[in-house]
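These notes concern the structure reproduced below.
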Amino acid sequence: QVKLVESGGGLVQTGGSLRLSCAASGRTVSTLSMGWFRQAPGKEREFVAAISQSGGSPVVTDSVKGRFTISRDNAKNTINLQMNALKPEDTAVYFCAADRTPGILRNKGAYDYWGQGTQVTVSS
């Protein structure tokens, strides 16, 4: 069983930065494909970023390209989402997800394990 716990959310002004972390337990992150998703009120959960077990060639969705970066810290058994130049439309609950299937997983249905989410609010 894999447990995921997100942290780092909060309230920030437009143009500001936040760094989300997702701590995994029960399995090392180097054996998991992992991703970040977000869900705004009244909207479906959407893909934000993903990183494979190897850590090579992580991907982010087009709306955050150039602003968000996903990375993995094997020593801390965490993945991170560095979010810069935040916009009000980035406001959402951000979820960390993990799965044992190798590769870059963009579909939320591909993930078996989810964290509880952390709120990110960007004020205008």
Side-chain angles (χ1 to χ4, degrees):
Q1 185 72 12
V2 176
K3 183 179 179 182
L4 304 172
V5 179
E6 302 97 334
S7 61
L11 173 64
V12 65
Q13 291 185 333
T14 297
S17 298
L18 283 173
R19 184 177 177 85
L20 305 184
S21 292
C22 172
S25 59
R27 201 172 177 97
T28 59
V29 294
S30 61
T31 67
L32 296 167
S33 296
M34 301 189 72
W36 286 98
F37 289 76
R38 66 186 181 185
Q39 188 167 17
K43 295 188 176 182
E44 292 206 2
R45 192 170 299 188
E46 65 173 2
F47 170 77
V48 176
I51 189 166
S52 66
Q53 291 159 333
S54 69
S57 302
V59 299
V60 298
T61 195
D62 285 347
S63 62
V64 307
K65 200 164 290 184
R67 301 188 297 123
F68 290 13
T69 304
I70 185 172
S71 62
R72 194 175 67 203
D73 187 334
N74 290 340
K76 295 182 179 179
N77 212 39
T78 63
I79 64 165
N80 302 300
L81 185 69
Q82 178 66 42
M83 307 187 296
N84 299 326
L86 282 160
K87 304 175 181 180
E89 51 263 45
D90 295 319
T91 295
V93 178
Y94 283 70
F95 296 90
C96 174
D99 198 84
R100 290 170 291 178
T101 303
I104 295 292
L105 307 178
R106 293 177 174 85
N107 189 336
K108 59 182 180 289
Y111 289 93
D112 278 342
Y113 307 105
W114 291 85
Q116 82 289 350
T118 185
Q119 177 70 47
V120 171
T121 303
V122 184
S123 64
S124 57

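Applying the disulfide (SG to SG under 2.5 Å) test to every pair with at least one member in residues 29-73, sequence neighbours left out, gives no pairs at all. Residues in residues 13-26 take part in these side-chain hydrogen bond (donor to acceptor under 3.5 Å, both in side chains) pairs, two or more places apart or across chains: Ser17-Asn84, Arg19-Gln82, Ser21-Asn80. Residue pairs meeting the salt bridge (charged side-chain N to carboxylate O under 4.0 Å, His left out) criterion with at least one partner in residues 110-124, sequence neighbours excluded, are absent.
Taking Arg100 as the reference, nothing meets the side chain to side chain donor-acceptor pair (under 3.5 Å) condition, with sequence neighbours excluded. The side-chain contact (heavy atoms from CB on, under 4.5 Å) search around Ala97 returns Phe37, Tyr111, Trp114, not counting sequence neighbours. Looking at residues two or more places apart in sequence or on another chain, you find no salt bridge (Lys or Arg N to Asp or Glu O under 4.0 Å) involving Lys76. Residues satisfying the salt bridge (Lys or Arg N to Asp or Glu O under 4.0 Å) criterion with Lys65, sequence neighbours excluded, are Asp62. In this structure, Ser33 has no side chain to side chain donor-acceptor pair (under 3.5 Å) partners at least two apart in sequence or on a different chain. Under the rule for a salt bridge (Lys or Arg N to Asp or Glu O under 4.0 Å), the partners of Glu46 that lie at least two apart in sequence or sit in another chain are Arg38. Annotation: side chain to side chain donor-acceptor pair (under 3.5 Å) contacts of Arg106 (sequence neighbours excluded): none. Gln119 meets the side-chain contact (heavy atoms from CB on, under 4.5 Å) test with Thr91, Val93, Thr121; sequence neighbours excluded.
Looking only at distances, a side-chain donor or acceptor of Glu6 sits under 3.5 Å from a matching main-chain atom of Gln116. Between the side chain of Asp73 and the backbone N or O of Thr78 there is no donor-acceptor pair closer than 3.5 Å.
Heavy atoms only, all atoms of each residue included: Ser30 and Asn74 are closest at CB-OD1, 4.0 Å. Across all their heavy atoms, Gln53 and Arg72 have their closest contact at O-NH1, 2.6 Å.
A donor and an acceptor atom, one from each side chain of Ser54 and Ser52, are located under 3.5 Å apart.
Residue Val60 shares its hydrophobic cluster (ILVMFWY side chains chained together at separations under 4.5 Å) with Val2, Leu4, Val12, Leu18, Leu20, Val29, Leu32, Met34, Trp36, Val48, Ile51, Val64, Phe68, Ile70, Ile79, Leu81, Met83, Leu86, Tyr94, Tyr113, Val120, Val122.
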